[in-house]
Q: 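Take this structure, written in structure tokens, and hold onto it; I'll ask about it next.
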Amino acid sequence: MNCRVKEQCPQCGAPVEFEETARVLQCPYCGIRNILYADDWFHFVLEHEPREGELFLVPYLRFRGSVYVCHTQGISHRIADLAHLAVEDHRLPPSLGFRPQTLTMNFFSSQSYKGKRLKSSFGISEVLNRAGRQGMGAQLRSLLYRTYIGETLSCIYLPLYLRDGRLFDGVTGDPLPDSGDVSILGHAPEDTNPWHISFLPALCPRCGWNLEGEQESVILTCSNCDSAWETSGGTLHRIPFETATIEGKAVYLPFWKIKTFSPMAGIYSYADFIRVTNQPRVEREEWKSQDFYSWIPAFKIRPGMFLKLARRFTVEQAIQGTKAVMPSQGGHSVTLPLSEAMQSVRVVFAEAMRAKRALEEILPKADFCMGPSTLVYLPFHETPHELIREDLGISIQKTTVALGSRL
């Protein structure tokens with residue numbers, strides 16, 4: 001379950017409510033669409049009524065996403081969701097529990113909250129380590145590689161009020177358990193670094209047309225000039241794309257096609273990849289001069305299906321007949337950015353290894369380098385309940401794809 005966020009439309013000031021994973025804000029009153037952008041992860045405050053006393057905003061770092069662990073026995077994965085206290089103070093609640101999933105939040109603004117904002121004692125790396133350790137004790141003892149894909153990182157502030165020497169929960173108004181002198185919170189390090197949310201008009205920089213995409217989209221498209229755009233550094237940048245067209249009606253799922261090689265593992269061509277991963281096929285002469293590409297889903301989906309799709313398309317390398325045009329219809333939103341797709345390349349390589357016992361020797365030295373990348377829309381035939389690629393023997397439940405954007 002995703003968090004709900006409330007914000008005012010920057011155009012007309014009307015209240016807008018959306019999910020935490022949204023990156024495009026569309027006002028239901030004026031219809032204007034804006035892209036949400038910040039220099040780092042989003043900062044939220046749990047919604048509450050102002051109360052008597054001195055306000056303290058206590059930071060909790062939240063991680064939600066898929067954790068992949070490569071170990072000597074194979075690959076394990078799970079979906080993790082936690083929000084852990086980011087200051088070293090045993091008197092404060094160690095976790096937000098289910099609050100992020102059940103309460104509404106607002107973006108932090110120094111103009112709206114005049115209390116003291118406590119400074120985090122550790123960074124997001126500690127939260128990632130906690131997420132990676134949860135439920136994977138046995139696998140971590142033989143850990144070879146770990147990464148996080150499709151994650152949502154944020155800082156959530158719990159409002160506390162100090163009154164008459166006691167701390168009160170700003171959301172419920174209830175006093176916290178008495179745990180000694182809490183006045184030292186006034187001497188705790190304060191975070192004075194400015195933070196604000198930015199709104200970029202969802203207009204094509206090339207032709208001025210309205211950009212298209214769902215709320216969770218990280219790539220927006222323009223149907224007027226046939227272009228695709230991503231947000232980086234507070235501006236929109238054009239990205240290359242292609243579509244593998246087929247006859248008849250289809251649903252087009254986006255994939256990142258990333259040129260990949262590894263000098264230490266001896267992978268420079270498609271033939272090298274087939275040899276190193278020990279694929280059961282006869283090597284062809286033309287494969288020796290064929291570049292090797294990793295094919296990574298550009299949309300969020302459950303970890304097991306993510307690995308299945310990436311492994312199958314990466315092993316086959318059989319996509320032909322692409323054109324630099326957008327799908328005329330049926331194109332799925334891009335919800336996984338290229339940066340995270342690149343993080344998954346080593347895991348996909350490990351998944352493709354036929355002899356998992358060789359992972360301990362090969363994976364640590366597989367220093368994958370990334371070359372040019374392209375966003376490619378691949379067609380799937382649609383049935384009432386599935387999306388199918390008959391040539392590769394792949395079928396995906398439509399509900400699995402639909403629910404993936406909420407991970």
Side-chain angles (χ1 to χ4, degrees), residues 5 7-14 16-42 107 150 152 196-245 249-258 296-300 319 321-342 370 372-379 401-402 404-405:
V5 182
E7 181 58 36
Q8 288 185 323
C9 171
Q11 181 71 21
C12 68
V16 185
E17 187 170 331
F18 50 93
E19 292 191 352
E20 179 194 13
T21 53
R23 291 301 177 264
V24 180
L25 175 67
Q26 180 166 358
C27 178
Y29 297 92
C30 68
I32 299 297
R33 290 160 57 87
N34 287 275
I35 303 169
L36 301 174
Y37 173 78
D39 291 332
D40 58 5
W41 53 79
F42 288 171
F107 283 118
T152 298
H196 66 277
I197 189 71
S198 298
F199 300 92
L200 305 179
L203 301 175
C204 177
R206 188 182 182 190
C207 70
W209 200 257
N210 290 327
L211 293 176
E212 301 169 1
E214 302 297 330
Q215 280 193 344
E216 296 82 9
S217 299
V218 296
I219 302 292
L220 299 181
T221 61
C222 178
S223 58
N224 186 56
C225 66
D226 223 21
S227 57
W229 304 85
E230 67 173 346
T231 305
S232 177
T235 59
L236 290 169
H237 298 269
R238 192 176 179 184
I239 64 167
F241 64 90
E242 298 173 353
T243 298
T245 57
K249 186 178 180 181
V251 172
Y252 289 84
L253 298 182
F255 284 72
W256 291 110
K257 178 186 176 184
I258 308 170
I296 310 299
F299 55 97
K300 294 182 180 180
I319 309 304
T322 60
K323 298 180 180 179
V325 295
M326 279 291 168
S328 58
Q329 59 181 356
H332 191 277
S333 297
V334 178
T335 55
L336 188 78
L338 176 61
S339 58
E340 296 191 31
M342 289 181 170
M370 314 297 170
S373 60
T374 306
L375 179 66
V376 183
Y377 289 88
L378 302 181
V401 177
S405 61

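Values below: all heavy atoms of this structure, side chains included; hydrogens, waters and symmetry mates excluded. All residue numbers in this chain count up from 1 along the given sequence.
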Q: Decide side-chain contact (heavy atoms from CB on, under 4.5 Å) for Leu375 and Trp256; before the verdict, give the C-alpha distance in whole Å, the side-chain angles of both, and the deciding distance to 0.1 Å.
A: CA-CA 5 Å; Leu375 179 66; Trp256 291 110; 3.8 Å; yes
Q: So how far is it from Lys257 NZ to Ile296 CD1, rounded to the nearest 0.5 Å?
A: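 That separation rounds to 13.5 Å.
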Q: For the pair Trp229 (side chain) and Cys222 (backbone), establish whether a donor and an acceptor sit closer than 3.5 Å, ignoring hydrogens and angles.
A: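 Not a single qualifying donor-acceptor pair exists.
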Q: Could you check whether any side-chain heavy atom of Pro205 comes within less than 4.5 Å of a side-chain heavy atom of Thr235, counting everything from C-beta outward?
A: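 No; the side chains remain at least 4.5 Å from each other.
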Q: Taking C-beta and beyond as the side chain, do Leu211 and Cys204 meet within less than 4.5 Å on heavy atoms?
A: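 Sidechains of Cys204 and Leu211: in contact.
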Q: Please report the closest heavy-atom contact between Pro201 and Ile35, naming both atoms and the distance.
A: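 Taking every non-hydrogen atom into account, O-CD1, 4.5 Å.
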Q: Under 4.5 Å between any side-chain heavy atoms of Leu338 and Ile258, yes or no?
A: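 Yes - at least one pair of side-chain heavy atoms lies under 4.5 Å apart.
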Q: Can you give me the closest heavy-atom contact between Ile197 and Tyr37, atom names plus distance?
A: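 For Ile197 versus Tyr37, the nearest heavy atoms are CD1-O, 3.5 Å.
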Q: Please check this pair: side chain of Thr374 against backbone of Pro240, looking for a donor-acceptor N/O pair closer than 3.5 Å.
A: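 A pair under 3.5 Å: no.
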Q: Tell me every residue that passes salt bridge (Lys or Arg N to Asp or Glu O under 4.0 Å) with Glu214, counting only those two or more places apart in sequence or in another chain.
A: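 Applying salt bridge (Lys or Arg N to Asp or Glu O under 4.0 Å) to Glu214 gives none.
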Q: Would you name the heavy atoms of Asn224 and Cys207 that are closest together and state the gap between them?
A: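 For Asn224 and Cys207, the tightest heavy-atom pair comes out as ND2-SG, 3.3 Å.
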Q: Show your working on side-chain contact (heavy atoms from CB on, under 4.5 Å) between Lys300 and Thr152 and close with a plain yes or no.
A: CA-CA 11 Å; Lys300 294 182 180 180; Thr152 298; 4.0 Å; yes
Q: List the steps, then state whether side-chain contact (heavy atoms from CB on, under 4.5 Å) holds for Asn34 with Leu200.
A: CA-CA 5 Å; Asn34 287 275; Leu200 305 179; over 6 Å; no
Q: Please find the pair of heavy atoms, one from Thr335 and one from Phe299, that lie closest to each other, and give the distance.
A: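 In this case the closest contact between Thr335 and Phe299 is OG1-CA, 3.2 Å.
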Q: Rounded at 0.5 Å granularity, tell me how far CZ in Phe18 sits from CZ in Arg23.
A: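 One finds 9.0 Å between CZ of Phe18 and CZ of Arg23.
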Q: Check whether any side-chain heavy atom of Glu212 lies under 4.5 Å from a side-chain heavy atom of Ser223, and answer yes or no.
A: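 Yes. Closest side-chain heavy atoms under 4.5 Å.
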Q: So, taking the atom named OG1 in Thr231 and the one named CG in Leu220, what distance separates them when rounded to the nearest 0.5 Å?
A: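 Interatomic distance, Thr231 OG1 to Leu220 CG, rounded to 0.5 Å: 6.5 Å.
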Q: Which pair of heavy atoms, one from Cys27 and one from Cys9, lies closest together, and at what distance?
A: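 Closest pair (atom of Cys27, atom of Cys9, distance): CB-SG, 3.6 Å.
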Q: Grab the two heavy atoms, one from Ala14 and one from Tyr29, that are nearest each other, plus how far apart they are.
A: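 Distance-wise, the nearest heavy atoms are CB-CD1, 3.3 Å.
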Q: Listed by chain and number, what are the side chain to side chain donor-acceptor pair (under 3.5 Å) partners of Ser373, not counting sequence neighbours?
A: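 Partners of Ser373 under the side chain to side chain donor-acceptor pair (under 3.5 Å) test: none.
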Q: At what distance, to the nearest 0.5 angstrom, does CD of Gln26 lie from CZ of Arg33?
A: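 So the gap between those two atoms works out to 5.0 Å.
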Q: How far does CG of Leu36 sit from CZ of Phe42, to the nearest 0.5 angstrom?
A: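 Result: 5.0 Å between the selected atoms.
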Q: CG of Leu378 to CD of Glu242: how many Å apart, nearest 0.5 Å?
A: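 Result: 10.0 Å between the selected atoms.
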